[in-house]
Every structure is written in C-alpha cells, then in structure tokens.
Amino acid sequence: MYADVVFPLKLPPLTYRIPTGALSEYNGNLNGRIVKAPLRGRSTYGLVTSIMDKPEIGGGKNIKEIQGIHRHFASESTISFLKWLSDYYLSPMGVALKPYFFEEAISVSVHQKSGGEVKAEGTPAIQKPDVERNIEERRTLAPDIDLPSITQSLTAVCQGIKDKDYRSFLLQVPSIPLEHLFLNEVFNEAGSGIHGAIILVPEIGQIERLLSPLQGIFGERLCILHSRLTKREKIEAIQRVISGRSDVILGTRSAVLAPLKNISFIAVLSEHSPSYKGEEGLRYHGRDIAVMRGFIEGAGVLLSSICPSIESVYNSKIGKYTFLDARSWVVSHGTYQPKKKIKIINMRKSALKRRVISEEVFKEAKRLHLKKETLLFLVGRKGYSLIRCEDCNHILKCSGCHLPLVFYKSRDMLRCHYCGHEERVPESCIECKGFNTKPSGAGTERMKEELEGLLKTGPIIVEKGKGLLTEPRDRDSNLLSDFTPFVIGTSYVTRKLRDKMFDSAAILNIDALLSRPDFRAYERTFQEVMQVSQSVRTDGSTFLQTWHPENIVLRFIKSYDFDGFYKYELSQRDSLGYPPLSRIISFNILTNRETSKIMLDTQNIADGVRAHNNKNSGHHRHMGIDLLGPIEIPSPAKSYRHCIQILMKSRAKKAVHLAAKILLSRLGKLKGVRINTDVDPLKI
DNA sequence: AGCACGCCGACT
DNA sequence: GTCGGCGTGCTC
C-alpha cells in the first residue's frame, strides 16, 4: 500500500510506501495522520492525504518508505478543505498546509510523546455570562434599542449553530460598538450550543477590545491567535486547541485555519477590511475562507461591517448570505447618534492660498482650538510633498521603482517610500532641465507647517507646534493624550487610534482616494469615510475636501446612501466586467534576468492560451476569458528587479480557473523566473 | 524549506 | 591554480 504525503513546503503530495503491518495497526486508515518520511535524504514530517494500492504511474521510480506514524491531525473534511484551498488558490498543496499551523502541530506532537491520540478532555463547562455587564453596556450604547426583528434572525444564527445547518449571514451595523454588542448577543443566546468558534478581527489591535467580554463568556476556553505571537506562544496556543482545552479562538486572518476539531460558528468582524487578504504564501482571503470552511464543516458564519464589501452585499443579494440590516439601530436621543454630519467642501470655491486647506476647515480648526477641542486631519502621505516641474509637469520619480519620490523638507531629502532609496533634491528638472520645480500636494509635514502658519496669524496661538503630530508611525500612541488638539496623520491613524474620539475630522484630499488606479477606489473611499466618521463625536462633522464636488460617490457618501452606492457601483462593475461579476487572477513573473527574452516567451504563451480559450468558448462571447498583458510593472518583490504581469478576467468563474491552470503549467516551463499567482487580488 | 549542483571573483 | 559566493533547481 502507498500513501500520498504533503509536506509544508512548496510541493505537491509525494507518494511513499506504507510499511507492512502499519495499516492494520491503525484500523486501515492513515488519512490525516502526521508521518515522518525521507525527503531529499532527511526525514521530514508530513501529512497523509490519501492511501492507495498502487502508486501513480507518472510519479517517482524509487519510492521510499514512511519512517514513523504519529498523531492524527486532519479530519476528512479538513483534507478536502486543504485540497480545495490548493485548487482554488492555484498553489501546491504543501503551501496550503503551511498556514494550517501544521508546523506548530508537529512541535506539539514531538514534545508530548508521539504516536498516540491525545484524548480530548471534553469541553469545560461554560462560564456564566457576565449578564450585569452586558445590560449595562446595552444601556449606555443604545438605550432604546429595538431588538425584535434582529433577534429573530439572530436566533436563526443560534439555531444554525445547534442544527449544524450551513448558514452565512451578512450584518450591516451603524457602528463598531454595536458590531461588538451584536456578537455578544449571539454568544449570550447561543453560548451553550457553541462547540468550536472562531472570531476574526482585521488587525491585532482590535483583539484587545473584544478580549474581556469574550473571556467573561468563555473563560479558559478562549484562545488568542495571531501572526505576531512568538513561536513558543503559537505552539502553546495550538496545543490548547488540539487538546481541546480551547475551542473558542479570537484572532486575525490566520486564525481562520486553526486546527479545531469541531466548528459551529465563525464570525468575521469588519469583513470589508483589506487586511483579510494575504499578499504572500497562500494568498487567501480570510473572509472567503471563513465562508467556505463554514460550508464544509457545517458552521454558521457571521460577516459584519459598518460598510460591507460590494462582494458580500452581492452575495447576499443572490441568496448566498442572509442579509441582516441593523443600520436602524440608531438611537434618536440618548448619547448615540451614528449618522454624523458629512460636509463636502468645494475647493474650487473655498481653497485658501496654498490650496491644501479650505476656508471651512480652517474656520472649524479655529473654532475648535478656542474651545480646546480636537480635530483630525487626514492627508494622503507622510513627508512634505512631491516635487513637480512647473514647465513640463513631470513629477520626480525613483529611478528604480518608478514611483513618486517624497520630499522631506525637514531633512531636505527625497525619499522613495517603496524601496527606501534617498537622494538630494536635484537642481533642475530631469526631463526638461528647467529650474521651475515646485512642491506639489501635501503630506503630513506640509500640513503641520501650513496649519501652524495659519493659526498663528489669527487670534489663536499655537504653542510652538506642540501637540501637532506629524509622525503617526511613532509606536507610542500614548503621545496622544485626550487633550492633543490636532492630529495630522495618514489614514491608518484611524485604525491605530481607534479609541480616541475627535470633535471633527477632515479628509484633506479625498480626490486622491477617489482617483486611485483601482477598480475598488470608490468602494474603498466609502469605507474610509465611514471608518473616519467612527472616530468623530456625535455632533461633530467630517469634512471632505474635493476639487470635484460633482462626483456621484460623494453624494452617496454625504447622505449615507449605501444602497444607492451599491446599485451604482454594481452597474459600473457589471459594464466593465469587474468583480463580483467576474473573477480576476493575476500572475506575476519575477526575474533578475534580462527581461526582453522572457517578455517574448511570455507573450507567446499568453497568445497560445488565448487561442486555446477562443477555441473552447468562442460562441459565448460574453462568457469569454480576457487575458491582459504581459506587461512590465514595477517589481513588488524586493529580491527581484523585474516583474511581468498577466491578468486573467472572466465572468465564467470556473472556466477562468481552468484556463489559469493551463497558463500556469506553460509559464512553469520558463527558466530563471519565479511565478506568483494571486486569485481575487485586491491590488492590481 | 533545505541542500546540492554549478559557474564567476580574490586568495594560498 | 583553488575556495566559496549564492543563484537555480529538486525533493516520492
């Protein structure tokens, strides 16, 4: 008998001989067991995914023998999920095994005597929920909360958990605290029915805010899992999960693949967050994986957000998810009023002299400064500005990366934010040799300068720029006391300083967000504004400065018309053939070699696949597969100098996978290149 | 991931 | 002349 073994390496399953007698010792089934097998002369731990009578004909000639059989790791459903992952993300199975915490599981096996099954200790008794606290929370968050209609659906979630029905929900909430409150409700209602749960948040910082309420409910059953744990901590966490001591996991993206034996519930908070998408290794999307894992393992899945992704709303419209609308959880009086004012500022009418700040925002700054209140300024970048030639309109770029260089006035240097390269500011324009180079646009540094200048001229005195934060990267966010009047930062300040509330906020150049070369630019902008408004107090305003106030997205945003936006955006995506109505797969061909020959070869391969596609689906014109490229793009990987990209795009979502496999197998024959495949890429 | 094989620069 | 650099390729 033979077994296919997967190693946590960039490898497909390899075939090994099963030692005689071993099978009967394990009831004739080794599937899902960790085994030790020789690989390139060294014994390595791997996972058995299938057993068979005869080895595959095409496989290796001198098949080696399994050296040791260890604990059971993966159920049949886990193995089929692994296969699905490898298939969907077009990666070798070993790459799919890695994020499964396989190596941690091996360490656990090795340290605590291999061979035998670890007996699950049975789930510890559920702790009494902290009822007092929850009631208190409800009172302060939403005094007249009207639960009935929501509760019905919520109970359905709980029933789903109890019945092991496959059910996914998309919940739209008006605020982050209510998102958390809802989750609390689910656990209070369904707590005793939950055996195995995963709660995902997009960033590590958000774990903290859910920790104590969840500990109140689950006590020792709760386990934290994220990528910043040390090796040791990770192994410890996985040990708790494998042994059954912990069956409720709170963590980031990677936690979705925690090796839980049973799962009855998965929650994905802020499901729209781009942090859920991986950019290396197995490039899986945490939210999509959650839905798929829920389906395969029969768990209820709850996706929630203040501003859901177009994908998820689409999926709810076509019946894949049940939509729960909690936006009406708005309290009319009381302390909680989520719909804060959003003001669109027409810069054509009201930009002040240096064109980065408007009269309205300046007035608001003066007003708030007098009242000792706080204002958040959001700018597009760090540093002072870009440098643009007034004569030829050329913007200074990094010679290596072809990305704009950022001017740091304080150090009088230009810096490439991508590769870190620094250079002196040139005397004249590289393009036209003119001497008319000027700062263009505004970063945090320039805003600080601008603001100090403006406020000093008025009746307000700023204490030597004190309290103005220009370097939000500072690890120590404690620098920001509650009395810090003005914070200037890039958008990720809102993520890092979630608990700090501002009296107003201003996005100084929303046009930069809206005009990003990304088909999701409008969606991202909507989400960004919703995010920012979360940090603004109830009676405060969010100012959006724009040179294009006629932009339809701004009108949707201003009136919080998410439904209108969704309709508009979906029709745009439809007419251009973008997701969610199509699927995109990107292929990056990375190399350090001369690019011209590879470019030619790649072109030929692409043409071949194009011909193949046309032959197979020529009569369905609208269902065809678009193959774009190859084109040379700036290399996204530091260790490779060149990158050639091919994009595949089609409304026929299954056919595109098939075509991608053909393309990949041909690209694989190229020498001296590395190929990165990204299914459903976020950045293209 | 490792580890071997392989083809170009400064040392005994 | 060799030692060794790491870039490239293979692992049942």
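We name chains A, B, ... by the order of the sequence lines, and we start the count at 1 in each one.
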Trainee: Does N588(A) use its side chain to pair, donor to acceptor, with the backbone of Q645(A) at less than 3.5 Å?
Mentor: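 Here the side-chain-to-backbone pair does not exist.
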Trainee: What class does the angle between the rings of Y100(A) and F81(A) fall in, given that below 30° is parallel, 30 to 60° is tilted and above 60° is perpendicular?
Mentor: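 Ring orientation, 0 to 90° scale: perpendicular.
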Trainee: Tell me if the CD atom of E208(A) is crowded by more than 12 foreign heavy atoms within 6.0 Å.
Mentor: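 For E208(A), atom CD is not crowded (no more than 12 foreign heavy atoms under 6.0 Å).
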Trainee: I63(A) side chain: which of dC12(C), dG2(B), dA1(B) is closest?
Mentor: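 Of the options given, the side chain of I63(A) lies nearest dC12(C).
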Trainee: Can you find a side-chain donor-acceptor pair between E271(A) and S309(A) that sits under 3.5 Å?
Mentor: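 Present: a donor and an acceptor within the cut-off.
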Trainee: Would you say S75(A) and T78(A) are linked by a side-chain donor-acceptor pair, where the criterion is simply a distance under 3.5 Å?
Mentor: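 Judged by distance alone, the side chains do pair up.
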Trainee: What is the distance, rounded to the nearest whole Å, between atom CG of L9(A) and atom P of dT11(C)?
Mentor: 13 Å
Trainee: For the side chain of L39(A), counting heavy atoms from C-beta on, which of dT11(C), dA1(B), dG2(B) is nearest?
Mentor: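 It is dT11(C).
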Trainee: Picking from dG2(B), dA1(B), dC12(C), which would you name as closest to the side chain of K98(A)?
Mentor: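 In terms of side-chain proximity for K98(A), the closest of dG2(B), dA1(B), dC12(C) is dA1(B).
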Trainee: Mind calculating the distance between CD (Q67(A)) and C1' (dT11(C)) to the nearest angstrom?
Mentor: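 Whole-Å distance recorded here is 14 Å.
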Trainee: Once you round it to whole Å, what is the distance between C1' of dG2(B) and CG of L11(A)?
Mentor: 11 Å
Trainee: Just how far, in rounded Å, is C1' of dA1(B) from NZ of K231(A)?
Mentor: 12 Å
Trainee: Has K653(A) got more than 12 heavy atoms of other residues, nucleotides or ligands less than 6.0 Å from its NZ?
Mentor: yes
Trainee: Taking any heavy-atom pair under 4.0 Å as a contact, classify P38(A): base, sugar-phosphate, or nothing.
Mentor: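 Sugar-phosphate contact only - P38(A) comes under 4.0 Å of backbone atoms but never of a base.
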Trainee: For nucleotides 7-10 of chain C, which of its nitrogen or oxygen atoms have a protein nitrogen or oxygen under 3.5 Å away, and what is each distance?
Mentor:
residue : atom : partner : partner atom : Å
dG9(C)  : OP1  : G672(A) : N            : 3.4
dC10(C) : O2   : R40(A)  : NE           : 3.3

Trainee: What is the distance, rounded to the nearest whole Å, between atom CZ of R42(A) and atom P of dA1(B)?
Mentor: 14 Å
